[in-house]
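Position 1 is the first residue of the sequence; numbering continues from there. What you see is a predicted model, and the numbers here were worked out from it, not measured in a lab.
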Amino acid sequence: MKGLLLKDFYMAKKTCRIFLPLALVFIVISAIGDQNLMFLLYPILISTVIPVNLLSYDEKSKWNLYSGTLPLERSLLVDVKYLMILILLGLSAVLVGIAQVIRMQVTGFVDWEGLFSLLGALLMLGLLSPSLMLPVVFKYGAEKGRLAYYGILVFLSGLLGALGAMSRSGA
């Protein structure tokens, strides 16, 4: 499993270079900007997109055929992608948490309970999308499954935006 994780991290380092700076920009904006939940959710969503991109590159390079010749069970290949999501989500949550702690220190308004509930909600939203879509991606392939995956991401983003608008209006 360690070798498969290293393969995925090396591939992510090479193929998903823009995601880390982009996530950092959104984290900084969330720390210095107003309370827009999309800036907090975006790094979490990026964390869930990276394993799907890695699956696409695996499929494109015929890794799935090559891995069939190795003494690996298919379940191990699936487990590594889910573990990759957990690692990336944890890293994103830590970075978002640090940015929000800095924001709380700068503004002088410290709300630890609100921070932990926000991080918990972000992690649950981050786990919802891959838990619904990775089975589709594994079954139908990365390209067909990606369409459904992005559809779910758009739906979840719209739902979060609607909930944010309702909470601001006091409904």
Side-chain angles (χ1 to χ4, degrees), residues 1-33 36-68 70 72 74-100 102 118-161:
M1 181 174 285
K2 181 180 172 185
L4 292 173
L5 271 175
L6 283 174
K7 175 195 78 74
D8 280 349
F9 278 114
Y10 292 149
M11 278 184 55
K13 181 180 171 186
K14 185 168 178 76
T15 60
C16 303
R17 288 184 204 155
I18 190 67
F19 289 143
L20 180 62
L22 194 60
L24 290 175
V25 165
F26 275 86
I27 288 171
V28 168
I29 291 172
S30 75
I32 62 175
N36 190 344
L37 290 177
M38 185 58 197
F39 292 120
L40 293 172
L41 184 62
Y42 196 76
I44 302 294
L45 291 178
I46 286 176
S47 300
T48 63
V49 169
I50 290 174
V52 175
N53 285 343
L54 293 177
L55 275 169
S56 177
Y57 283 111
D58 283 349
E59 195 174 281
K60 191 175 186 179
S61 68
K62 307 281 191 244
W63 164 253
N64 51 353
L65 296 175
Y66 176 70
S67 66
L70 298 173
L72 300 172
R74 178 142 168 89
S75 64
L76 185 63
L77 298 172
V78 173
D79 292 346
V80 166
K81 296 302 182 206
Y82 281 104
L83 186 58
M84 184 82 167
I85 285 175
L86 291 175
I87 291 169
L88 292 173
L89 275 175
L91 179 64
S92 293
V94 166
L95 292 175
V96 166
I98 290 170
Q100 292 307 304
I102 292 170
L118 174 71
L119 288 176
L122 288 175
L123 286 174
M124 284 192 308
L125 283 172
L127 288 174
L128 180 65
S129 173
S131 66
L132 293 174
M133 294 318 304
L134 271 181
V136 174
V137 170
F138 279 117
K139 180 150 177 84
Y140 297 111
E143 296 307 316
K144 291 179 185 175
R146 186 187 307 254
L147 294 174
Y149 190 79
Y150 288 139
I152 289 292
L153 287 178
V154 167
F155 173 75
L156 289 176
S157 297
L159 179 66
L160 185 65

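For the side-chain contact (heavy atoms from CB on, under 4.5 Å) test, residues two or more places apart in sequence or in another chain that qualify with Y66 are W63, T69, L70. Residues that satisfy the side-chain contact (heavy atoms from CB on, under 4.5 Å) test with I102, not counting sequence neighbours, are I98, V106. In terms of the side-chain contact (heavy atoms from CB on, under 4.5 Å) criterion, residue partners of L91 (sequence neighbours excluded) are, by chain and number, L95. For A12, the side-chain contact (heavy atoms from CB on, under 4.5 Å) test picks out I50, L54, M84, with sequence neighbours left out.
Within 6.0 Å of OH in Y140 there are 12 or fewer heavy atoms belonging to other residues, nucleotides or ligands. More than 12 heavy atoms of other residues, nucleotides or ligands shown are found within 6.0 angstrom of CZ on F19. Enclosure of atom OH in Y82 by more than 12 non-hydrogen atoms of other residues, nucleotides or ligands within 6.0 angstrom is indicated.
Screening L122, V94, I44 for a side chain to side chain contact (heavy atoms under 4.5 Å, CB included) involving L89 leaves a single residue, I44.
Smallest separation of non-hydrogen atoms from P130 and P135: O-CD, 3.8 Å. Looking at every heavy atom in both residues, A93 comes nearest to L119 through O-CD2, 3.7 Å. M11 approaches Y57 most closely through the heavy-atom pair CE-CB, 3.3 Å.
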Trace of the side chain to side chain contact (heavy atoms under 4.5 Å, CB included) decision for Y42 with L22: CA-CA 9 Å; Y42 196 76; L22 194 60; 3.6 Å; yes
Trace of the side chain to side chain contact (heavy atoms under 4.5 Å, CB included) decision for V52 with L134: CA-CA 8 Å; V52 175; L134 271 181; 4.1 Å; yes
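One N or O on the side chain of S47 and one on the backbone of L88 form a donor-acceptor pair closer than 3.5 Å.
Residue pairs meeting the salt bridge (charged side-chain N to carboxylate O under 4.0 Å, His left out) criterion with at least one member in residues 12-22, sequence neighbours excluded, do not occur. Residue pairs that meet the salt bridge (charged side-chain N to carboxylate O under 4.0 Å, His left out) test with at least one member in residues 41-59, sequence neighbours left out, are K7-D58, D58-K81.
Interatomic distance, S92 OG to I87 CD1, rounded to the nearest 0.5 Å: 12.0 Å. Separating the CE atom in M124 from the OG atom in S131 is a distance of 12.0 Å, to the nearest 0.5 Å. Of the inter-residue distances, the one linking L55 atom CG with D8 atom CG reads 8.0 Å to the nearest 0.5 angstrom. Separating the CZ atom in F26 from the CD1 atom in I46 is a distance of 7.0 Å, to the nearest 0.5 Å. Atom CZ of residue F39 and atom CD1 of residue I29 lie 5.0 Å apart, to the nearest 0.5 angstrom.
Looking at L40 and Q100, their side chains come closer than 4.5 Å, going by heavy atoms from C-beta outward. Within the 4.5 Å cutoff, the side chain of L127 has no heavy atoms near those of the T48 side chain.
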